[in-house]
Amino acid sequence: MVNVSFRQVTKQYENGFTAVNELNLEIKDGEFLVLLGPSGCGKSTTLRMLAGLEDVTGGEISIGDAKVNDLPPGARGIGMVFQSYALYPHMSVEDNLSFGLKMMKGENRKSDEEISNLIVETAAMLGLSEELQKKPKQLSGGQRQRVALGRALIKRPRVLLMDEPLSNLDAELRQQMRTEIRRLHDDLGMTTVYVTHDQIEAMTLADRIAILNEGELQQHGPPMEVYRNPQNQFIEGFLCAHLNEIVDTANTLFGGEEE
Amino acid sequence: MISTKTVATEIHDDLASRWYVPAEVESLRKLYPIVVLINFVSLGIFVLRNDSESIFSSSMQIVVSIVILFLLSKLDQGQRFIRDGVIAISGLTILLSVLQFSSGPQIIIDYWMMLWTTIPPLLVIYSVSKPIVTLWASGNQTVRSAELGLFRNRKVSRIHGMIFRHIALLHAVGFVVLPILWIIDVAVSPGNSLGGDFFDAMTLEHFNHILSSESFWIWTRNSIIVSVGTTLLGLALAIPAGYAFSRFKFRGRDFAMFSFLLVQMFPGVIILVPYFLVMKALGLLNTSIGLILAYSVTALPLCVWMLKGFFDTVPKELEEAALVDGCNQNQVFWRIILPLSLPAVAVTALFSFLAAWNEFLLALTFNTSEEMYTLPVGLASLISSTGQAWGDFAAASLLVSLPVVVLFIAFQRFLIEGLSAGGVKG
């Protein structure tokens with residue numbers, strides 16, 4: 001696996017709005033990094049620049065040793081899970097999973113046998129073996145999310161990107177998928193960048209969280225460390241106060257029950 | 001006759017009797033304005049036919065129908081003499097219509113008018129002389145019978161409403177189906193008459209004549225070349241244009257979209273002369289290519305707008321997912337967007353095909369030599385030049401609409417999908 005680095009990365013739109021301003025961030029090999037922040041803070045833009053879906057207007061992004069600023073998304077060796085799943089509606093689950101493999105060119109191209117083995121393996125890993133012939137329309141929300149995950153994982157990407165992948169699921173499924181995503185990361189050991197605005201999700205999933213606000217990186221570090229040593233007012237309000245509130249609410253609820 | 005046990009309260013007795021009007025009377029009050037209206041239509045038909053005898057009797061019908069309408073509105077509790085008057089005048093109406101049509105109806109529309117002058121008065125006599133209406137009109141009803149009547153009204157008026165709706169629908173069906181039946185009748189009748197009874201004599205001579213005539217096949221070939229060519233060229237231009245308008249921001253985009261619409265707003269006749277001059281200058285008169293070009297261009301704005309509208313509903317994330325999966329922009333379009341848009345593409349294709357298949361004016365103007373006629377122009381020439389070959393004309397019209405019908409049936413599923421939904425949520 002590989003490390004990812006952002007050096008002075010800036011994204012400025014044509015209308016002059018700066019979405020991300022001089023971001024410096026190193027993501028270590030095999031690390032699970034969560035980009036956390038309120039909506040409009042630039043976290044999704046950062047991820048999309050890493051994926052190659054947005055142009056970088058300043059600075060340098062590299063995956064491994066190579067600068068990827070100008071590489072098309074397909075050449076970066078990444079897999080991505082979208083918020084709305086973005087499964088291809090006209091293809092079966094099997095074709096959705098294998099589409100990326102079939103698009104590979106040159107020496108990376110896999111034989112049909114390898115592809116079908118990978119499909120079986122990935123489907124088994126995600127509990128989708130029964131659903132391979134179905135169309136996305138016929139699947140439940142949780143199953144669609146698994147297919148989206150499988151589609152990203154099947155290529156064994158060097159970096160796995162996830163853009164608020166759980167926000168369309170109900171609470172129970174979200175909990176379940178959260179555990180599963182962390183398990184998959186630990187099993188496969190790939191570098192993962194995960195975008196969310198949910199503090200709990202960030203705290204429970206991450207090896208390290210990076211908190212953004214208004215295009216600026218505020219603080220990064222292991223979750224508990226950031227929680228214990230917030231470096232500015234924003235972190236205190238957005239992360240610490242929010243988490244404390246949840247704890248207080250829970251205490252009041254269950255404390256009340258005991259009395 | 002009416003059970004008195006079931007109704008308990010006598011507090012609002014006054015209210016029930018005052019509100020109660022039998023459903024029969026209420027329905028007749030709704031029906032009779034329509035009867036009067038249709039009588040006026042009949043009068044108009046007789047005026048067109050210049051049939052002075054029928055004009056007179058039809059006017060009489062209008063007068064008595066208005067009298068019935070008036071009496072029905074005055075009919076109320078304790079107005080028994082009005083009820084008797086309604087019955088008497090309805091009888092008079094039936095007598096009138098028997099006299100009017102005693103010479104026998106001629107064509108189908110006469111049957112229709114006869115039904116509308118005899119059945120409503122019969123209905124009036126039947127309903128108004130029912131015991132329940134008689135009781136109401138004579139003013140002898142009790143409060144309880146009024147309450148029971150109100151209860152009964154709900155069911156009866158629902159049934160009446162249903163009958164009303166079905167009669168209205170039958171008229172709509174007749175309006176659509178009769179012309180088709182008529183042209184089928186003309187096509188299978190011997191000779192070239194447009195009248196006569198429906199399907200009195202059957203013959204396939206007109207079909208034989210058309211199918212064995214050389215020019216019909218030449219026109220068919222021309223029409224197929226022009227329509228298929230228009231469809232292919234139109235799609236080849238409209239699909240990329242629609243996609244570009246939907247996905248890319250570029251200078252002049254909004255202006256271009258708007259100017260497309262602007263062109264659509266002018267009636268076709270305006271562009272006829274300029275088009276003719278252009279085609280003449282290019283030497284494309286009396287060619288299929290000329291028509292293909294003209295049709296593609298005129299169909300283009302609507303096709304582009306339709307396709308753009310559909311492409312707009314395909315989420316951008318699908319394209320991004322395909323990019324991450326290793327597609328380039330071209331592959332995204334061919335492998336993801338186009339397969340997803342097949343319903344919309346099919347609808348657009350059908351639209352341009354039909355527009356070209358049915359177009360008359362441009363074809364008539366551009367292609368003046370007989371071996372370059374398209375079917376619509378060729379059909380028209382059957383009527384104008386070689387006498388009035390109505391039978392051949394009708395047979396050929398049916399043959400020409402056949403591909404249209406087949407296409408519609410074949411594309412039915414797509415049409416519904418393509419018109420109703422862009423439902424492609426992952």
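Letters go in sequence order (proteins before strands), and every chain restarts at 1.
Proximity of A:F99 to B:I336: side-chain heavy atoms (C-beta onward) are separated by under 4.5 Å at one or more points. When side chains are defined from C-beta on, B:L340 counts as touching A:P89, because their heavy atoms get closer than 4.5 Å.
A salt bridge links A:K155 to B:D325: at least one charged side-chain nitrogen sits closer than 4.0 Å to a carboxylate oxygen.
In this structure, A:S84 OG and B:K316 NZ are separated by 12.5 Å, a value rounded to the nearest 0.5 Å. Rounded to the nearest 0.5 Å, atoms NE2 (A:H90) and OG (B:S341) are 9.5 Å apart. A distance of 7.5 Å separates CZ of B:R335 from CE of A:M91, quoted to the nearest 0.5 Å.
Around CD1 of B:I289, the count of heavy atoms belonging to other residues, nucleotides or ligands within 6.0 Å does not exceed 12. The number of heavy-atom neighbours closer than 6.0 Å to CG of A:D187, taken from other residues, nucleotides and ligands shown, is above 12. Residue-environment remark: CG (B:D312) exceeds the threshold of 12 foreign heavy atoms within 6.0 Å. By the neighbour-count criterion of 12 heavy atoms within 6.0 Å, atom CG of A:D65 is sparsely surrounded, having that number or fewer from other residues, nucleotides or ligands. Atom CZ of B:F255 sits in a sparse spot, with 12 or fewer heavy atoms from other residues, nucleotides or ligands closer than 6.0 Å.
In this structure, chain A has a heavy atom under 4.5 Å from the side chain of B:Q331, while its backbone stays farther away. Heavy atoms closer than 4.5 Å to chain B are found nowhere in A:R76, neither backbone nor side chain. Both the backbone and the side chain of A:I78 come within contact range of chain B, with heavy atoms under 4.5 Å apart.
Not counting sequence neighbours, the partners of A:Y194 by the ring-ring contact (aromatic ring centres under 6.0 Å, His included) test are A:F32. Scanning for ring-ring contact (aromatic ring centres under 6.0 Å, His included) contacts around B:F311 gives B:Y243, with sequence neighbours left out.
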(request) Take B:E317 and A:Y85 through the side-chain contact (heavy atoms from CB on, under 4.5 Å) test and state the conclusion after the steps. (result) CA-CA 8 Å; B:E317 280 195 333; A:Y85 321 136; over 6 Å; no
(request) Starting from the C-alpha separation in whole Å, work towards a yes-or-no answer on side-chain contact (heavy atoms from CB on, under 4.5 Å) for A:R48 and B:E320. (result) CA-CA 10 Å; A:R48 289 166 58 81; B:E320 294 176 345; 2.8 Å; yes
